[in-house]
Amino acid sequence: MPAAAFPAAAGVWWTSDEVPITEVQRAAEELEQLGYGSLWFGEAMGKEALTQAGALLAATRNLRVGTGIANIHARDAIAAESGSRTLSALHPGRFLLGLGVSHAPLVQHRSGNYRKPLATMREYLSRMDQVPETVEPGAARPPRLLAALGPKMLELSRDSADGAHTYLVTPEHTARAREVLGPDKLLVVEQGVVLTTDEQTALHRAHTHLDMYTGLPNYRNNWLRLGFHEDDLVRGGSERLARALVAWGKPEDIAARVREQLDAGADHVVVQALGDERSTDPLPALRELAPALTSGR
């Protein structure tokens with residue numbers, strides 16, 4: 001899928017592990033009707049990624065669905081390749097396979113072995129490439145995007161995949177990622193947002209969102225590379241970190257951050273609407289944001 005073919009409208013990032021899948025399907029239908037271009041979700045300890053993608057693709061007609069990301073420790077490379085090709089065969093041009101090495105605590109929870117993530121991903125992609133086309137004859141392989149923050153994983157995204165999916169990054173990081181990827185690879189960027197003009201509410205939601213991530217080395221190392229300091233990486237993040245990673249304000253303020261990410265080199269931006277708790281329903285905010293985010297670039 002060339003970058004030029006990607007929808008101009010912003011997409012949505014929403015992990016709905018605690019929501020029944022039939023309700024998530026109805027939400028996906030509504031997001032499509034609102035004009036959002038895509039729907040992405042993670043895979044940690046909840047719903048299985050390819051099954052959920054199939055359910056959301058089946059419930060919609062044009063919405064692109066992406067795994068952001070499918071944990072490579074959750075299934076072997078053959079299952080990932082054959083499953084994603086089947087989704088591509090059923091829903092041509094609408095599925096994107098985001099893959100990631102995840103994080104040590106989550107992999108260990110699955111009784112996996114988190115070591116040498118770059119080499120592990122390289123070997124995984126190589127095994128995927130060995131799956132014969134007869135798995136789904138005539139079906140195009142869906143685009144593969146790698147969860148990439150550091151330069152080496154971005155280089156692997158360029159050399160062995162179709163691009164990268166970044167998470168919790170600033171426009172500065174997006175510009176660096178584009179420089180590494182070059183002009184022809186896809187770059188899908190997640191952007192946390194809070195629809196409020198109340199600064200204290202926005203900061204509370206941003207710190208709540210960052211609480212888990214500030215304990216994970218992959219994110220911490222990336223923020224240090226971007227010029228943040230150890231005292232910015234307290235649990236929940238400093239105010240400086242929160243302001244840099246999470247956009248808030250009126251719909252036009254949030255649209256301005258999306259445009260900033262696009263101007264920095266993103267092909268597509270997926271917004272994650274943050275509430276007071278991780279389980280807060282994002283749909284009310286996404287409904288209000290839709291006119292500002294789905295009218296094109």
Criterion salt bridge (Lys or Arg N to Asp or Glu O under 4.0 Å) on D267 and R178, from CA distance to verdict: CA-CA 10 Å; D267 292 302; R178 174 53 66 197; 2.7 Å; yes
- request: Test E30 against R26 for salt bridge (Lys or Arg N to Asp or Glu O under 4.0 Å), laying out the working first.
  value: CA-CA 6 Å; E30 181 176 353; R26 287 193 288 272; over 6 Å; no
query: When you look at R220 and E230, which way does the salt bridge (Lys or Arg N to Asp or Glu O under 4.0 Å) test go after all the steps?
result: CA-CA 8 Å; R220 295 175 65 90; E230 286 290 346; 2.9 Å; yes
field: salt bridge (Lys or Arg N to Asp or Glu O under 4.0 Å) evaluation trace for E81 with R144
entry: CA-CA 10 Å; E81 177 67 8; R144 296 179 196 159; 3.1 Å; yes
- request: Any chance you could lay out the side chain to side chain contact (heavy atoms under 4.5 Å, CB included) test for M128 and L97, step after step, and finish with the verdict?
  value: CA-CA 12 Å; M128 290 179 73; L97 179 64; 3.7 Å; yes
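Using a 4.0 Å cut-off between a side-chain N of Lys or Arg and a carboxylate O of Asp or Glu, R85 and E133 do not qualify as a salt bridge. D17 has no carboxylate O lying under 4.0 Å from a charged side-chain N of K47, or vice versa, which leaves the two without a salt bridge. With salt bridges taken as basic N to acidic carboxylate O contacts below 4.0 Å, none links E288 and K250.
Side-chain contact between L96 and P142 is absent, with no heavy atoms from C-beta onward closer than 4.5 Å. A heavy-atom distance below 4.5 Å is not found between the side chains of L293 and P251.
Within a 6.0 Å sphere centred on CG of L224, other residues, nucleotides and ligands contribute more than 12 heavy atoms. Within a 6.0 Å radius of CD in E277, other residues, nucleotides and ligands contribute 12 heavy atoms or fewer. Counted within 6.0 Å of CZ on R127, heavy atoms from surrounding residues, nucleotides or ligands total 12 or fewer; the atom is thus considered open. Remark: E179 CD is loosely packed, at most 12 non-hydrogen atoms of other residues, nucleotides or ligands lying under 6.0 Å away.
H173 NE2 to Q261 CD: the interatomic distance, rounded to the nearest 0.5 Å, is 10.0 Å. Between the NE2 atom of H207 and the CG atom of L241 there is a distance of 9.0 Å, given to the nearest 0.5 Å. Expressed to the nearest 0.5 Å, how far NZ of K152 lies from CG of L149 amounts to 15.0 Å. Taken to the nearest 0.5 Å, the OH atom of Y167 stands 4.0 Å off from the CH2 atom of W13. Between D129 atom CG and R141 atom CZ the span is 7.0 Å, to the nearest 0.5 Å. One finds the OG1 atom of T214 at 10.5 Å from the CG atom of L245 (value rounded to the nearest 0.5 Å).
Side chain of N221 to main chain of P217: a donor-acceptor pair is present (N/O by atom type, distance under 3.5 Å, no hydrogens or angles). Counting only distance, with no hydrogens or angles, the side chain of T67 and the backbone of G98 share a donor-acceptor pair below 3.5 Å.
When ring centroids are compared, W223 and H229 stay outside the 6.0 Å threshold.
Minimum interatomic distance between V101 and H73 (heavy atoms only, all atoms of both residues): O-CD2, 3.4 Å.
No hydrogens or angles considered: a donor-acceptor pair under 3.5 Å links the side chains of H268 and S38. When only modelled atom types and interatomic distance are considered, T60 and R94 share a side-chain donor-acceptor pair under 3.5 Å.
The residue from L125, L187, L181 that alone fulfils the side chain to side chain contact (heavy atoms under 4.5 Å, CB included) condition with S157 is L181.
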